[in-house]
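The first residue of the sequence shown is numbered 1, and numbering continues consecutively from there. Quick caveat: nothing in here was measured; it's all calculated off a predicted structure. Note that these values count all heavy atoms, side chains included, but never hydrogens, waters or copies made by symmetry.
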Amino acid sequence: MKEKLISEYVSKMTLDDVNNFALKNGIILKDTEVKLIYDHIKNNWRTIVFGNPRGILDDLKEKLDSTSYQKIESLYIYFKNLYL
């Protein structure tokens with residue numbers, strides 16, 4: 001059931017959703033960074049939610065501003081722990 005709900009949400013998610021979430025959490029992203037994160041979520045959400053996202057996080061770390069990456073990683077850990 002949880003997987004179905006997440007799948008439906010991700011299928012409707014937009015670039016603006018990613019950008020707005022980032023802004024609400026004090027992260028200012030360039031358009032290319034929003035697209036990168038969006039693509040990772042769309043293509044790898046099962047790994048992000050249920051698996052080991054280390055490879056995804058490492059890719060983001062190389063391509064994002066270090067401050068933005070640190071905030072994103074902190075948010076990921078916070079939400080992962082919140083919903084375990």
Side-chain angles (χ1 to χ4, degrees):
M1 178 68 167
K2 184 182 351 178
E3 187 170 343
K4 175 103 170 119
L5 291 172
I6 296 168
S7 175
E8 288 179 17
Y9 179 81
V10 169
S11 71
K12 296 175 186 173
M13 189 178 65
T14 67
L15 290 168
D16 285 336
D17 293 330
V18 173
N19 193 45
N20 290 336
F21 181 81
L23 290 172
K24 287 178 187 174
N25 287 283
I27 304 168
I28 298 171
L29 299 170
K30 299 174 193 163
D31 289 343
T32 55
E33 294 172 325
V34 171
K35 177 82 167 100
L36 175 67
I37 293 166
Y38 172 85
D39 288 343
H40 273 301
I41 293 170
K42 283 288 205 177
N43 296 319
N44 304 305
W45 68 266
R46 282 182 181 85
T47 301
I48 294 167
V49 175
F50 300 113
N52 180 356
R54 180 48 42 204
I56 297 164
L57 292 172
D58 288 345
D59 183 57
L60 292 175
K61 188 174 188 175
E62 292 177 11
K63 296 176 180 172
L64 299 176
D65 170 77
S66 63
T67 303
S68 295
Y69 172 77
Q70 289 172 357
K71 289 179 180 180
I72 289 168
E73 185 179 42
S74 293
L75 281 171
Y76 173 77
I77 292 167
Y78 170 77
F79 284 109
K80 185 77 170 183
N81 290 332
L82 185 65
Y83 292 105
L84 280 179

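Note that CD of E33 is 7.5 Å distant from CD1 of I72, once rounded to the nearest 0.5 Å. To the nearest 0.5 angstrom, T32 atom OG1 is 9.5 Å from I37 atom CD1. Remark: D31 CG to N19 CG distance equals 7.5 Å, nearest 0.5 Å. Atom CG of residue N44 and atom CG of residue D59 lie 9.5 Å apart, to the nearest 0.5 angstrom.
By the salt bridge (Lys or Arg N to Asp or Glu O under 4.0 Å) test, D65 pairs with no residue at all, sequence neighbours left out. Residues passing the salt bridge (Lys or Arg N to Asp or Glu O under 4.0 Å) test with K35, sequence neighbours excluded: D39. For N43, the side chain to side chain donor-acceptor pair (under 3.5 Å) criterion is met by no residue, not counting sequence neighbours. Under the side chain to side chain contact (heavy atoms under 4.5 Å, CB included) criterion, S7 pairs with W45, sequence neighbours left out. Every residue two or more places apart in sequence or in another chain that forms a side chain to side chain donor-acceptor pair (under 3.5 Å) with E8 is listed here: K4. Partners of K30 according to the side chain to side chain donor-acceptor pair (under 3.5 Å) rule, which considers only residues two or more places apart in sequence or in another chain, do not exist here. With sequence neighbours excluded, the residues forming a side chain to side chain donor-acceptor pair (under 3.5 Å) with Y69 are E73, listed by chain and number.
Side-chain contact between V10 and I6 is present, with at least one heavy-atom pair separated by less than 4.5 Å. For the pair L23 and I28, the minimum side-chain heavy-atom distance is below 4.5 Å. Using a 4.5 Å cut-off on side-chain heavy atoms (C-beta onward), Y76 and I56 make no contact.
Taking both residues in full, the closest heavy atoms of E3 and R46 are given as OE2-NE, 2.9 Å, listed atom of the first, atom of the second, then distance. Residues L75 and I27 approach most closely at CD1-CD1, 3.8 Å, considering heavy atoms. Nearest approach of I48 to I41, heavy atoms of both residues: CD1-CA, 4.0 Å.
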Practice task
Any chance you could lay out the side-chain contact (heavy atoms from CB on, under 4.5 Å) test for L29 and L36, step after step, and finish with the verdict?
Solution key: CA-CA 10 Å; L29 299 170; L36 175 67; over 6 Å; no
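Annotation: salt bridge (Lys or Arg N to Asp or Glu O under 4.0 Å) contacts involving residues 12-24, sequence neighbours excluded, are absent.
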Contacts table for residues 77-84: side-chain donor-acceptor under 3.5 angstrom, sequence neighbours left out:
residue	atom	partner	partner atom	Å
K80	NZ	V49	O	2.3
N81	ND2	I77	O	3.2

